[in-house]
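Every chain is numbered from 1, with letters handed out A, B, ... down the list of sequences. Heavy atoms only: backbone and side chains are in, while hydrogens, waters and symmetry mates are out.
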Number of protein chains: 2
Amino acid sequence: MTTARRPPTLEDVAAAAGVSRATASRVLAGTGYAAPVTRDRVTAAADRLGYVPNPAARALVRGSGVRLVVVVAGADATVLDDPYVDRVVGAAARVCAPYGLGVALHWLPTREPAGLRRLAEDRSVGGLVLVNTTEAMLAAIPRALRGRVASIGIGSALVPSFDVDNGGGTAATVRHLYATGRRRIAMVTGPHWLSCAGRSVGAYRQVMSDAGLPVRLVPGDFTARRGRAAAGEVLARWPDTDAIVGISDATALGVIDRLRGAGVGVPGDVAVTGFDDIPLAAMTTPALTTATHPVAQIATAAATAALAGRPAPPVTVFPSRLVRRASG
Amino acid sequence: MTTARRPPTLEDVAAAAGVSRATASRVLAGTGYAAPVTRDRVTAAADRLGYVPNPAARALVRGSGVRLVVVVAGADATVLDDPYVDRVVGAAARVCAPYGLGVALHWLPTREPAGLRRLAEDRSVGGLVLVNTTEAMLAAIPRALRGRVASIGIGSALVPSFDVDNGGGTAATVRHLYATGRRRIAMVTGPHWLSCAGRSVGAYRQVMSDAGLPVRLVPGDFTARRGRAAAGEVLARWPDTDAIVGISDATALGVIDRLRGAGVGVPGDVAVTGFDDIPLAAMTTPALTTATHPVAQIATAAATAALAGRPAPPVTVFPSRLVRRASG
DNA sequence: TTGAAAGCGCTAACAG
DNA sequence: CTGTTAGCGCTTTCAA
């Protein structure tokens, strides 16, 4: 039985290849000159020894950081409970793995965006991905982080933005409802402080006003629970409503549940639409009409940008496609 | 405008407090002796300077690693697409954050569990959380990792196991179906190579045999898609089936969808149950009867154990509770 | 094209 | 109780 050897270091590889540590480093890090022969010898040695570089050491000397922090703004820590956050973190973790990096998840109290400073001071932070971004957060980004921050939501001159075209998706949805004969269309919105959700509301307003129809808005918060309550309010305030646009699929599902409880037929009496196209949207009864939201794609792009270091395009918009199903 | 000062290091704090770096380290790392006065001076200085320790440097000198790797075994990389994986990663990321650590996500080909070695060689890996664990993986764990690995699924003498009591949850579900008059109960299972899914099947078999009822098994894979197809097979092979137990909620939803397509009433003609109690289970029509699966709790416990370093209890089972709703 | 040497920021003996 | 002294594993000038 072989003695429990410690994992090989660059030193070991260098020795095995008969070169200096510096040379081995150049070859393996792919930086700087190296004679082809040397290069081969080093690579071979590394391979034979099963050498795996230590990202911590590398990060230390380069000051490049060793983890990507996903920062979610919200009133309280329960914002982290949203499955959406898990999807972002999961995608980010996949991006990080090959770099030898990891992902951490932090809640940032909406009221104290300055908490970002602490993260910026942490030399182990290689990049930041902002979720539920607000103007205040953008303003609080220390310039030291320039080029290592990406936002899923609104951005700024210093922070590239990655987001779904929820305005387009919502517009398509509302137009579809109009095209299928609905005229008294209400909407359950997202939290008012979230600008990106505002784009959906804006699109709804626009389409409605273009069609000369009245605007009917009820505040929501992306959850099914709130969707249920909101549906009740819609029913109470505008009993003749014939369609409800949900800001999210969860919202829509809550709406449908409440409607059903009230004996209202979906889509017979009231059409209901969502936004996100979660996997289960196709499985519910009635199957949900909704618009796509490529969360994993967006998170992957944002994480990649935050890690890249070089400037990304200021705004990247991912298209949202209407998915017609049975609910509306 | 202040010049862009670099983040303060331990050296700065020590200087500001008028002590040596070693002393400052002892105080801030909370290890070793320190006079109360000194302690206060150091803490104050650190606070004033906004000192944040560099986890990378700390990990380097301690050899403790800087990230927790979630390893998911599967035939191909698409296993990472399961929302379940995102939930595990999200929970792990929350556990890691306060330690200054991050989470990375890796796919491990089922056929080459030896890939774990590479991860073990990586000094930046602080711990491993295994998902979809197989016996082969357990056997491939290098002893160097002892105490820094946790498994969500089956475990071994060296690897503590964290899992839901899916046997108990499934048994409760099947008994419930029996109690409500169902007698020809089929089950859509998980992949055969996954031992933990086997516990559910075992429980089903047990209850059925105790009741003197015939066993009707169709293989599945946790997905709704496969659930749909499986439901078709059940209908074809045993047309008199009056209940179908799904290995997961997604499976059950697929089953229901297929049944509905075939004009079979749920739960009128056939009762359908799931497992997981995903948030949407309460929102579907009919609302899904299922058993709870505290994924976040389990992942949190596993991640904590993998990071703790000290031995954890070999097996931790999280209870699964039957949730009676409309589908069965 | 390569090697020697100097750290990155921190902790851990070991003296004092 | 505190300071001194060595590094952890890697990259990066600077000479050779």
Side-chain angles (χ1 to χ4, degrees), chain A residues 5-43 45-46 49-67 99-101 121-126 309, chain B residues 5-43 45-46 49-67 99-101 121-126 309:
Chain A
R5 68 167 200 296
R6 55 153 184 56
T9 70
L10 186 59
E11 184 82 55
D12 300 327
V13 176
V19 301
S20 77
R21 210 174 35 190
T23 302
S25 171
R26 283 187 211 104
V27 173
L28 266 12
T31 164
Y33 303 103
V37 210
T38 319
R39 192 173 294 278
D40 290 349
R41 276 231 304 279
V42 172
T43 323
L49 266 43
Y51 171 69
V52 179
N54 183 337
R58 184 173 284 179
L60 180 56
V61 62
R62 292 211 279 228
S64 57
V66 86
R67 58 201 177 116
Y99 293 88
L101 301 179
E121 302 279 67
D122 187 332
R123 306 285 297 193
S124 78
V125 172
Chain B
R5 68 168 199 296
R6 55 149 184 59
T9 71
L10 186 59
E11 185 83 54
D12 300 326
V13 175
V19 299
S20 79
R21 210 175 35 191
T23 302
S25 171
R26 282 185 213 109
V27 172
L28 265 12
T31 165
Y33 303 103
V37 210
T38 319
R39 192 174 294 278
D40 290 349
R41 275 230 305 279
V42 173
T43 324
L49 266 43
Y51 171 70
V52 179
N54 184 337
R58 186 174 281 180
L60 180 57
V61 61
R62 293 211 279 227
S64 57
V66 86
R67 58 200 177 116
Y99 293 88
L101 301 179
E121 303 279 66
D122 187 333
R123 305 287 296 194
S124 77
V125 172

Side chain to side chain contact (heavy atoms under 4.5 Å, CB included) between A:R67 and A:L101, worked out: CA-CA 5 Å; A:R67 58 201 177 116; A:L101 301 179; 5.8 Å; no
Report the C-alpha separation of A:D12 and A:Y51 in whole Å, then their side-chain angles, then the decisive distance to 0.1 Å, and conclude whether the side chain to side chain contact (heavy atoms under 4.5 Å, CB included) test is met. CA-CA 9 Å; A:D12 300 327; A:Y51 171 69; over 6 Å; no
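The closest donor-acceptor contact from the side chain of B:T38 to the backbone of B:A34 lies at 3.5 Å or more, if one exists at all. Side chain of B:T23 to main chain of B:V19: no donor-acceptor pair is present (N/O by atom type, distance under 3.5 Å, no hydrogens or angles).
Tested against B:V66, the residues A:V66, A:N54, A:L60 include a single side-chain contact (heavy atoms from CB on, under 4.5 Å) partner, A:V66.
Using a 4.0 Å heavy-atom criterion, one finds that B:A56 contacts no nucleic acid atom at all.
Rounded to a whole Å, the CG atom of B:L60 is 9 Å from the C1' atom of D:dG7. A:Y33 has its OH atom 15 Å from the P atom of D:dT12, to the nearest Å. In this structure, B:L49 atom CG and C:dG9 atom C1' are separated by 15 Å, rounded to whole Å.
With values rounded to the nearest 0.5 angstrom, A:R123 atom CZ is found 9.5 Å from A:S64 atom OG.
Residues that satisfy the side-chain hydrogen bond (donor to acceptor under 3.5 Å, both in side chains) test with B:R41, not counting sequence neighbours, are absent from this structure.
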What string of B, S and - do you get for nucleotides 10-16 of chain C 5' to 3' if you count protein non-hydrogen atoms under 4.0 Å? BBBB---
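Annotation: the terminal axes of the helix from C:dT1-D:dA16 to C:dG16-D:dC1 meet at 30°, where each axis is the rotation carrying the C1' atoms of four end pairs onto the next four (5 pairs per end, rounded to 10°).
In this structure, A:L10 and A:S25 have side chains that are in contact, with non-hydrogen atoms separated by less than 4.5 Å.
Each of A:T23 and B:A35 has a nearest nucleotide on DNA chain D; the 5'-most of these lies closest to B:A35.
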